2 protein chains.
Amino acid sequence: MVTKKLGGILSPPDLSSPTGGRGNAFDPDCPTRVVLDRIGDKWTVLVIGALARGPLRFTELRARVGGVAPKVLTQTLRAMERDGLLTRTVFAQVPPRVDYALTELGVSLGGPIAVLTDWAETHVGTILAARDDFVAQEA
Amino acid sequence: MVTKKLGGILSPPDLSSPTGGRGNAFDPDCPTRVVLDRIGDKWTVLVIGALARGPLRFTELRARVGGVAPKVLTQTLRAMERDGLLTRTVFAQVPPRVDYALTELGVSLGGPIAVLTDWAETHVGTILAARDDFVAQEA
DNA sequence: CGGTATCCACGGCGATACTG
DNA sequence: CAGTATCGCCGTGGATACCG
């Protein structure tokens, strides 16, 4: 019974408000919006996956994730650190060494992501097929 | 035990491949990437929420979602229709009437989204607090 | 009512080069 | 090793106006 279980953003929020009140995704402070903005980007989910087994250094992380420019990886890591998803540990030595590790919060985010991933793997075939049909129908 | 449960994109995919093989998010055909690209946008999740209780017409949908330009709503709906998440039914009458309704696939996507929403509502406080700390630390 | 057409601002992301 | 600096593309999405 999915529709009854849909909490938060999925339930008609507050019909007395013209905008639907809180819980609306165009509200930058909406919890779901915050999370979606974080995992919706190109690299965050991959970083979480790469760090799931344990801490990694910058270059290891880069190699594990694959194909990401250093600037962009830095941006991603800073944002995740800022949001408490991972910790950045600098070792005072030469050559420099910086470890990135998931926090409890970061690890716990893996749960919902795994659910999403499971759904994706199960249903992506249907989606892709629908796309093909749609394109074919235009012709 | 979350880390053990992390399937798909979250597990180190294929270490024999330089890019990590399948299951990588920078691969446009990666299931998780496909889904993330869909729900990561600004309006799709809200549309799913709005349609969870039943079909709506274009204008009703627009009012329910709130603050979305017609062009953008059309774009969103077309993309969702294309991917098989909803159906678009045109009634041949004047004035025109067009109904939008979730498909089974669209409804089922509500499950993972609800999980994400639950996580978001539980942990957004921690995230926001981390942000404040981070900003405060810069000063 | 249910859209299109047009224009445009913004931010994410990438390539390349350089540095403490 | 672990980044920063700079440049620039381009896709999303918003404002406004118009249409069958």
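So you know, we letter chains A, B, ... as the sequences are listed, proteins then strands, and number each from 1. Note that this is a predicted model, so its numbers are computed, not measured.
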Selection from C:dG2, C:dC13, D:dG3 that lies nearest to any side-chain heavy atom of B:F58: C:dG2
Between D:dA2 (C1') and A:R62 (CZ): distance, integer Å: 10 Å
Test side chain to side chain contact (heavy atoms under 4.5 Å, CB included) applied to B:L56 and B:D99, step by step: CA-CA 6 Å; B:L56 290 174; B:D99 274 19; over 6 Å; no
Separation of atom CD in B:Q93 from atom C1' in C:dG3, rounded to whole Å: 16 Å
A:P70, nearest nucleotide to its side chain (from C:dA15, C:dG3, D:dG3): D:dG3
Side chain to side chain contact (heavy atoms under 4.5 Å, CB included) evaluation trace for B:F91 with B:V98: CA-CA 6 Å; B:F91 298 89; B:V98 179; over 6 Å; no
Shortest side-chain distance from B:T74, nucleotide among C:dC1, C:dT4, D:dG3: C:dT4
Nucleotide C:dG2, atom P - distance to CG of B:L73 in whole Å: 11 Å
Pair of N/O donor and acceptor under 3.5 Å linking C:dG14 base with A:K71 side chain: yes
Residue met sooner reading DNA chain C from 5', once A:V72 and B:V98 are mapped to nucleotides: B:V98
Phosphate OP1/OP2 of C:dG2 contacted by B:T59 side-chain N/O (<4.0 Å): yes
Phosphate OP1/OP2 of D:dT4 contacted by A:R78 side-chain N/O (<4.0 Å): yes
Value in whole Å for how far the P atom of D:dC1 lies from CG of A:L61: 14 Å
Qualifying residue, where the test is side-chain contact (heavy atoms from CB on, under 4.5 Å) with B:V68 and the options are B:T74, B:V47, B:L73: B:L73
Derivation and outcome, side chain to side chain contact (heavy atoms under 4.5 Å, CB included), residues B:V35 and A:V124: CA-CA 8 Å; B:V35 174; A:V124 70; 5.9 Å; no
Length of the line joining A:E81:CD and D:dG3:C1', which is rounded to integer Å: 14 Å
Crowding at CD, B:E104 (>12 non-hydrogen neighbours, <6.0 Å): no
Contact under 4.0 Å: B:R88 side-chain N or O vs C:dG3 OP1/OP2: yes
Phosphate OP1/OP2 of C:dG3: any B:R57 side-chain N/O under 4.0 Å: no
Euclidean distance, atom CD of residue A:E60 to atom C1' of D:dG3 [Å, nearest integer]: 15 Å
Listed nucleotide nearest any side-chain atom of B:K42, set D:dG14, C:dG2, D:dG3: D:dG14
Any B:Y100 side-chain N or O less than 4.0 Å from OP1/OP2 of C:dG3: yes
A:R97 vs B:P96, nearer the 5' end of DNA chain D by closest nucleotide: A:R97
Whole-Å distance separating the CD atom of A:Q75 from the P atom of C:dG12: 8 Å
Integer-rounded Å distance: C:dG12 P and B:D37 CG: 15 Å
